[in-house]
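A, B, ... follow the sequence lines: proteins, then strands. Residue 1 opens every chain.
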Amino acid sequence: MIKSLFNRFFAFPLIIHHPLGLFKQNQSSISMAFNTRIKVKKLLENDLIGQDATLMGWVRTKRSNKNVTFIAVNDGSSIHNYQVVADPAYISEEILKKVTTGACLKITGKIVASQGAGQQAELAASTIEILGEADSETYPLQPKKHSLEFLREIAHLRIRTNTFGAVFRIRHALAFAVHKYFNDKGFFYIHTPIITSSDAEGAGETFKVTILDLKNPPLTDEGKINFKEDFFEKETNLTVSGQLEGELAAMGLAEIYTFGPTFRAENSNTARHLAEFWMIEPEMAFYDAQDNQDLAEDFLKYVISYALENCKDDLEFLDKRAAEEETSKKADQRSEMGLIDRLRFVVENEFQRITYTEAIDILKNSNHNKKKKFQYLIESWGVDLQSEHERYLVEKHFNKPVILTDYPKDIKAFYMRQNDDGKTVAAMDILFPGIGEIVGGSQREERLEYLTKRMEEMHIPTEEMWWYLDTRRFGSTPHAGFGLGFERLVLFVTGMGNIRDVIAFPRTPGHAEF
RNA sequence: UCCUCCUUAGCUCAGUUGGUUAGAGCACAUGACUGUUAAUCAUGGGGUCCUAGGUUCAAGCCCUAGAGGGGGAGCCA
């Protein structure tokens, strides 16, 4: 099996990188010549008229009459297609028959000024090779609008659609912007472990990692599973956060960030949750809560600006798409701003910063609360905010991103720095319209005695966490950090409604297809 | 996990109070058309009405259970 895959892989024409250029060997009947292919994105710059060109890509639509056939080709480099013109005098009927929606082509020809209205230039084909046929009877994608739910079921093919092409190009740009932002600021990219042995943060249900025989696991004298016989000789799981290890790194490199996969086995069935998602977690020594908020706001504005500058066409497409969706909604559910306006608004305006206590006052005195329109009425200080409350603050009261700070300590994690009032901790959540919580962070408790006391109160085993506590024993310093759900960021920037549509192959309860 | 809505052609959907042979657009096939822009026009093929059971003279439509999906909630990023 492995050998046959190996052979198959290397049966392709070998392209060997050589200082003098690319050399091809083992020429097959279809010459690949990747090095001479011109991408649609480049062709659309319309500065190559008169030149010969080779285009490779997938057929989106074909329109034809007796004299001429037009083929819209997309190669993923752009949301836009490039028009290929095939004259039946040069391209055989046999070939044109195989030019169907979804087929993959290699076209050679001359770039000429277009006689039609929709484009400046086009490729007049002298040869068309069918690299891969797509049977039009069974190929599921048509040149029409499909529902996102249907496309989710064919996630292996949906990447070929305009919408998902745009989403994944933007996702890439955002990921790149994340690294660029931190690199330019002197942060170091740390890889924290995927497999961990602690669930100390209590951030949720974990996926277990084991090589034990599930049907017949080794048992201890007490009848429990004996993890001493497991691969790591202890119980292990997939990481729910890289934060604790991130803190360790920040205590030597000062400013670090992680950007990696995160796993939560929660039975969450919502448009905002995934079982496997990507999280960005910066952790900074010598930062207090204020610095942390400043960084998070600056960071979010930077990556969103980056997308606005570098993904114009894709954002315009998604903006138009969202606007069309809006027209089918009821008048009171339509959003006031379009996608691009919304992104600009976030970039150009300061986030609203309020404390939890202030938020409770606003909510308690709101007409919404007095008229009992909240499902959960706000009565007293100390309760956790429901998403209806967060949405009220962000979407109705302030109408912009909100940084909520200084939450009651009892509803937050053990590692957050305790404030002088004895009731609250230096936590921050950043809430975005339509998305809810996009960032959760805090200044960390750097004082050993405060931290151990809090851990004991919350029944966190201090012995197992000796390595974490060591950072407070030796050279401790004020530090802070936050976690940002990458897919939630992509969700906001693309204006998509469901988090399953901003990751290529989503993992959710009951779904690990593809 | 809870609440709620949905499931009819490959896709998106209509289908009246239960009543004869279940429709449309797109897609597909064939043909027409001197440059199209998700081309257009004509003709044609295509159905386990989600599954199982029930009520009825008669079920796409009513009832029960199940499966799949959407939206909302909780948990969170």
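- Applying the 4.0 Å criterion to OP1 and OP2 of B/A39, one finds that A/Ser64 has every side-chain N and O outside that range.
- Here A/Ala117 lies in heavy-atom contact (under 4.0 Å) with a base.
- Ranked by how close their nearest RNA chain B nucleotide is to the 5' end, A/Phe70 and A/Asp384 are led by A/Phe70.
- Only the C1' atoms considered, B/C28 is 16 Å distant from B/A38, to the nearest whole Å.
- Scanning atom types as modelled, one donor and one acceptor separated by under 3.5 angstrom connect the side chain of A/His273 and the base of B/C76.
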Quiz item: For RNA chain B, what string of dots and brackets results from 5' to 3' when Watson-Crick and G-U pairs need both distances under 3.5 Å, crossing pairs get [ ], and pairs with another strand get |?
Solution: (((((((..((((.....[...)))).(((((.......))))).....(((((..]....))))))))))))....
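- Between the base of B/C75 and the side chain of A/Ser268 there is a donor-acceptor pair shorter than 3.5 Å.
- Across all strands shown, A/Gly483 has heavy atoms under 4.0 Å from sugar-phosphate atoms exclusively, and none from any base.
- Phosphate proximity of B/U36 to A/Lys66: absent, as no side-chain N or O sits under 4.0 Å from OP1 or OP2.
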Please list, for nucleotides 69-71 of chain B, all pairs of protein and nucleotide N/O atoms separated by less than 3.5 Å.
residue: B/G69; atom: OP1; partner: A/His511; partner atom: NE2; Å: 2.6
residue: B/G70; atom: OP1; partner: A/Arg152; partner atom: NH1; Å: 2.7
residue: B/G70; atom: OP1; partner: A/Arg500; partner atom: NH1; Å: 3.3
residue: B/G71; atom: OP1; partner: A/Asn498; partner atom: ND2; Å: 3.4
residue: B/G71; atom: OP2; partner: A/Asn498; partner atom: ND2; Å: 3.3

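- Taking the six-membered ring for Trp and the full ring otherwise, A/Phe263 and A/Phe277 have centroids separated by 6.0 Å or more.
- Shown here are the side chain to side chain donor-acceptor pair (under 3.5 Å) partners of A/Arg391, two or more places apart in sequence or in another chain: there are none.
- The closest donor-acceptor contact from the side chain of A/Ser77 to the backbone of A/Lys41 lies under 3.5 Å.
- Panel note: side chain A/Arg171, backbone A/Val502; a donor-acceptor pair is recorded below 3.5 Å.
- With P as the reference atom, B/U8 and B/C49 are 11 Å apart, rounded to whole Å.
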